[in-house]
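The analysis underlying the following values was restricted to heavy atoms, covering all of them including side chains, and did not include hydrogens, waters or symmetry mates. Order of the sequence lines sets the chain letters (A, B, ...), proteins ahead of strands, with each chain counted from 1. The model shown is predicted, which means the values in this text are computed figures rather than measured ones.
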Number of protein chains: 2
Amino acid sequence: MKHVTIKDVAKRLNVSISSVSRAFNDKYDIKKETKELILKTAEEMGYFPNPIAKKLSQNKTFNIGVVVPEFINEYYSEIIIGIQEVFMAHGYQVLIAQSDEKPEIELKNVKTLIHSMVDGLIIAPTMDSGNMEYYLKELNAGYPIVFMSRVKETLEASKVYFNNKKWAFFAAEHLIRQRYKNIYYLAGYKSLNVSIDRIEGFKRAMNKHKIPKENYKVIETGLLAEEGMQVIEDLIYNHDLPDAIFCFNDRVAMGAIAKLKSNGIKVPEDIAVMGFTETRMVDLITPKLSSVKQPTFDMGKNAAELLFKQINNSLMEPQTIVLNGELTIRESSVRN
Amino acid sequence: MKHVTIKDVAKRLNVSISSVSRAFNDKYDIKKETKELILKTAEEMGYFPNPIAKKLSQNKTFNIGVVVPEFINEYYSEIIIGIQEVFMAHGYQVLIAQSDEKPEIELKNVKTLIHSMVDGLIIAPTMDSGNMEYYLKELNAGYPIVFMSRVKETLEASKVYFNNKKWAFFAAEHLIRQRYKNIYYLAGYKSLNVSIDRIEGFKRAMNKHKIPKENYKVIETGLLAEEGMQVIEDLIYNHDLPDAIFCFNDRVAMGAIAKLKSNGIKVPEDIAVMGFTETRMVDLITPKLSSVKQPTFDMGKNAAELLFKQINNSLMEPQTIVLNGELTIRESSVRN
DNA sequence: ACCGTTTCCGGTATCGTTTCCGGTAAAATA
DNA sequence: TATTTTACCGGAAACGATACCGGAAACGGT
């Protein structure tokens with residue numbers, strides 16, 4: 001049960017502790033034979049360098065922290081996998097915390113992670129939180145942080161995000177090209193940075209194609225299917241139905257479709273629906289859902305690589321990476 | 001940038017290191033006033049105890065490891081959230097690794113985690129792997145491990161799992177009670193422990209209700225929607241369609257439904273479909289999917305609590321917790 | 001034979017904490 | 001008043017590794 005330490009190995013072979021250490025980190029002078037002998041007996045004795053001790057003496061934990069709003073949905077799960085792939089290859093452990101969309105919890109998580117001495121942080125902020133001041137303070141103190149996904153363009157820090165404006169524009173334009181005349185955008189939370197950008201993209205498409213102001217609308221929903229359903233219910237109640245709906249995400253879209261169908265409204269014959277942030281479900285529902293795919297995996301990888309560079313001081317200036325996606329038209333948004 | 005250490009605080013107040021240490025872990029003799037003074041100035045100086053050093057001297061990392069097959073789907077995500085809730089409340093960090101359903105990667109992850117000195121492990125094994133010997137060796141050496149979800153009943157270790165037999169039985173019985181006569185079970189991977197149990201539950205229901213052997217079938221699929229689609233395609237090709245289908249999970253069920261619908265076969269009018277391991281999607285698809293809900297969150301919490309007890313030596317005998325679920329009948333499996 | 005350069009290795013300080021041990025002074029007891 | 005407790009505190013030894021320093025041996029060239 002007792003752990004084998006470097007001393008035990010040294011004593012066994014009558015060599016010094018230093019020699020054993022050198023054998024394991026082969027950057028120093030050591031004779032090939034002694035090195036091999038040491039490694040061999042260490043193996044036999046079941047010795048491996050104690051990572052905690054290593055962390056202490058090097059003042060590095062080889063841990064990084066990731067704070068996301070949630071990872072129930074595949075979006076952040078996939079991002080995390082991208083991050084893990086990069087960092088595990090470098091021998092790092094990735095600590096994951098979720099803020100449950102609450103800025104207070106996010107801040108608490110960040111502080112916990114910093115206190116547990118992670119070498120760097122990747123943060124996907126919740127709503128546009130007051131936490132930014134705190135993060136910027138840490139950044140200025142030289143702490144490596146990369147922001148991800150829900151970030152302001154103007155933020156003075158390394159960041160990776162999706163070009164929401166552009167792809168919301170494309171999605172909206174697609175609906176216009178399909179000759180839908182009344183288009184509503186179910187916009188998620190308006191206070192979310194990504195929402196603001198997508199609304200802008202949506203409006204830009206409306207303007208470009210000279211859709212009159214009274215023919216489109218931006219309606220605040222939430223992020224959940226239930227909230228999509230609620231909005232549709234309200235619209236039905238108010239006899240205020242458009243002929244096309246563009247949704248903040250696939251969940252909202254699926255909620256909307258379900259509610260429309262249960263009211264005998266056909267998709268896309270009566271009303272077209274377009275999702276966003278494509279999920280695996282798009283092909284499995286009827287009608288198949290048009291959506292914009294985000295490169296989740298790449299977002300994680302890019303953020304991780306930026307952070308890794310920052311940790312190793314090979315990145316001097318904050319860098320921004322803006323990612324593009326893919327618009328796939330399926331059944332839910334086409335005229336027959 | 002330089003970290004404030006216990007020494008700095010001690011020097012500042014002209015007290016000994018020990019006193020500062022005592023102030024932070026209030027189990028030793030220390031005068032109330034000195035303690036408060038120390039804590040106050042420490043706060044001012046921005047000092048907090050270096051967790052790494054603490055880990056080293058206590059020979060504990062306050063980290064635990066969790067190895068799951070994947071966390072793209074909500075099932076394991078929710079379990080992980082349950083685990084995190086318990087351990088974060090005790091000041092632990094949770095390290096998450098995924099095996100991508102591959103036993104080799106699972107073993108590699110477990111070894112990495114053990115080498116990084118986690119205080120305990122929670123493992124949701126992939127397929128019935130040869131790794132068990134290794135795990136049992138570690139268990140016998142006194143290493144705290146709790147198994148979860150995909151476990152053999154007979155395993156001599158602490159474990160938490162869902163009563164698959166029972167609830168597969170209930171699900172199958174429901175289909176029988178709806179007067180479906182030909183029932184096929186799309187069984188996931190047959191080598192999976194949970195599969196074996198669900199098959200047994202399924203067959204038990206068939207036997208109890210004296211369904212003739214030629215009227216039911218167990219077909220191996222995988223875990224993915226695409227694999228459900230593939231099986232349905234084969235059945236259609238072979239003109240071998242039952243009047244009810246029970247699926248290993250909701251993904252397979254949704255794949256099956258999609259394929260049936262695209263071939264003009266109506267669900268549930270022509271063929272009923274039943275899922276398992278309920279997902280959030282059940283209410284959003286047409287028809288709404290009947291399924292068995294597993295208490296994912298509780299599974300995580302229970303596993304975590306077992307592990308926590310093991311770590312603190314307050315659990316002498318391995319303990320087994322078998323969880324029950326909830327069968328919700330929706331549109332996909334009822335006669336009109 | 002002499003010297004300089006490599007190659008190899010051991011000793012020791014250091015990292016930041018906890019914990020054990022011992023000591024002093026005040027308080028409680030006889 | 002004399003003696004024993006108690007409360008409080010400081011010193012120093014772990015914990016397990018790495019980094020630095022300096023010394024010894026080996027080697028090759030003149």
Query raised in the report: Would a distance-only check, ignoring hydrogens and angles, find a side-chain to backbone donor-acceptor pair under 3.5 Å from A/Asp8 to A/Thr5?
Result: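 Yes, A/Asp8 side chain to A/Thr5 backbone: donor-acceptor pair under 3.5 Å.
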
Partners meeting salt bridge (Lys or Arg N to Asp or Glu O under 4.0 Å) with [X] (sequence neighbours left out):
{"X": "A/Glu43", "result": "none"}
{"X": "B/Glu138", "result": "none"}
{"X": "B/Lys54", "result": "none"}

Send over the distance from [X] [atom1] to [N] [atom2], rounded to a whole Å.
{"X": "B/Lys55", "N": "C/dC15", "atom1": "NZ", "atom2": "P", "value": "20 Å"}
{"X": "B/His115", "N": "D/dA17", "atom1": "NE2", "atom2": "C1'", "value": "16 Å"}
{"X": "B/Ile38", "N": "D/dC9", "atom1": "CD1", "atom2": "C1'", "value": "10 Å"}
{"X": "B/Lys60", "N": "D/dC15", "atom1": "NZ", "atom2": "P", "value": "19 Å"}
{"X": "B/Lys31", "N": "C/dT24", "atom1": "NZ", "atom2": "P", "value": "18 Å"}
{"X": "A/Leu37", "N": "C/dC9", "atom1": "CG", "atom2": "P", "value": "10 Å"}
{"X": "B/Ile30", "N": "C/dT18", "atom1": "CD1", "atom2": "P", "value": "12 Å"}
{"X": "A/Leu13", "N": "C/dC9", "atom1": "CG", "atom2": "C1'", "value": "14 Å"}

Nearest of [options] to any side-chain atom of [X]?
{"X": "B/Thr34", "options": "C/dT18, C/dC15, D/dC9", "value": "D/dC9"}
{"X": "A/Ser21", "options": "D/dC15, D/dT18, C/dT18", "value": "D/dT18"}
{"X": "B/Ile6", "options": "C/dT18, D/dT18, C/dC9", "value": "C/dT18"}

Between the first and last five pairs of the helix from C/dA1-D/dT30 to C/dA30-D/dT1, the angle of the axes, rounded to 10 degrees
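Here the local axes at opposite ends form an angle of 40°.
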
Strictly by salt bridge (charged side-chain N to carboxylate O under 4.0 Å, His left out), give each pair with a member in residues 92-103 of chain A just once, sequence neighbours left out.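 For residues 92-103 of chain A, and leaving out neighbouring residues, the salt bridge (charged side-chain N to carboxylate O under 4.0 Å, His left out) pairs sorted by first residue read A/Asp100-A/Lys102, A/Glu101-A/Arg150.
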
Under 3.5 Å donor-acceptor pairs involving side-chain atoms of residues 84-94 of chain B, not counting sequence neighbours:
residue, atom, partner, partner atom, Å
B/Gln84, NE2, A/Ile96, O, 3.0
B/His90, ND1, B/Val86, O, 3.2
B/Tyr92, OH, B/Lys60, NZ, 2.7

Distance check: side-chain N/O of B/Ser57 vs OP1/OP2 of C/dT19, anything under 4.0 Å?
->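 Answer is no, no contact under 4.0 Å.
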
Distance-only side-chain donor-acceptor flag, A/Ser21 / A/Ser18, under 3.5 Å: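 There is no such pair (donor and acceptor under 3.5 Å, judged by atom type) between the side chains of A/Ser21 and A/Ser18.
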
Quiz item: How would you list, by chain and number, every residue that makes a side-chain hydrogen bond (donor to acceptor under 3.5 Å, both in side chains) with A/Asn73, sequence neighbours excluded?
Solution: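 Expected list: A/Glu70.
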
(message) Which residues pass the side-chain hydrogen bond (donor to acceptor under 3.5 Å, both in side chains) test with B/Ser77, not counting sequence neighbours?
(response)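 side-chain hydrogen bond (donor to acceptor under 3.5 Å, both in side chains) list for B/Ser77, sorted by chain: empty.
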
Nucleic acid contacts of residues 45-53 of chain A, taken as heavy-atom distances under 4.0 Å to DNA chain D: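 When residues 45-53 of chain A is checked for heavy atoms under 4.0 Å from DNA chain D, the hits, listed by number, are A/Tyr47, A/Phe48, A/Pro49, A/Asn50, A/Ala53.
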
Which pairs, protein N/O on one side and nucleotides 10-12 of chain D N/O on the other, fall under 3.5 Å?
residue, atom, partner, partner atom, Å
D/dG10, OP2, B/Ser16, N, 3.0
D/dG10, OP2, B/Ser16, OG, 3.0
D/dG10, OP2, B/Ser19, OG, 2.5
D/dG10, N7, B/Arg22, NH2, 2.9
D/dG10, O6, B/Arg22, NH1, 3.4
D/dG11, N7, B/Ser18, OG, 3.2
D/dG11, O6, B/Ser18, OG, 3.1

Interatomic spacing from OG in B/Ser158 to CG in B/Leu307 - rounded to 0.5 Å: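 Separation between the atoms: 8.5 Å.
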
**Message:** Any base atoms under 4.0 Å from B/Leu56, or only sugar-phosphate, or nothing? Heavy atoms, all strands.
**Reply:**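 The answer is base, as B/Leu56 lies within the cut-off (heavy atoms under 4.0 Å) of a base atom.
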
Suppose we screen for side chain to side chain contact (heavy atoms under 4.5 Å, CB included). Which residues come up paired with B/Thr296, at least two apart in sequence or across chains?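 With sequence neighbours excluded, B/Thr296 shows a side chain to side chain contact (heavy atoms under 4.5 Å, CB included) to B/Tyr75, B/Glu78, B/Ile79, given in chain and number order.
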
Side-chain atoms of residues 110-122 of chain A: list all donor-acceptor pairs with protein atoms under 3.5 Å, sequence neighbours left out, distances to 0.1 Å.
residue, atom, partner, partner atom, Å
A/Thr112, OG1, A/Lys108, O, 2.8
A/Ser116, OG, A/Leu113, O, 3.1
A/Asp119, OD1, A/Thr61, N, 3.0
A/Asp119, OD1, A/Thr61, OG1, 3.2
A/Asp119, OD2, A/Thr61, N, 3.4
A/Asp119, OD2, A/Phe62, N, 2.7

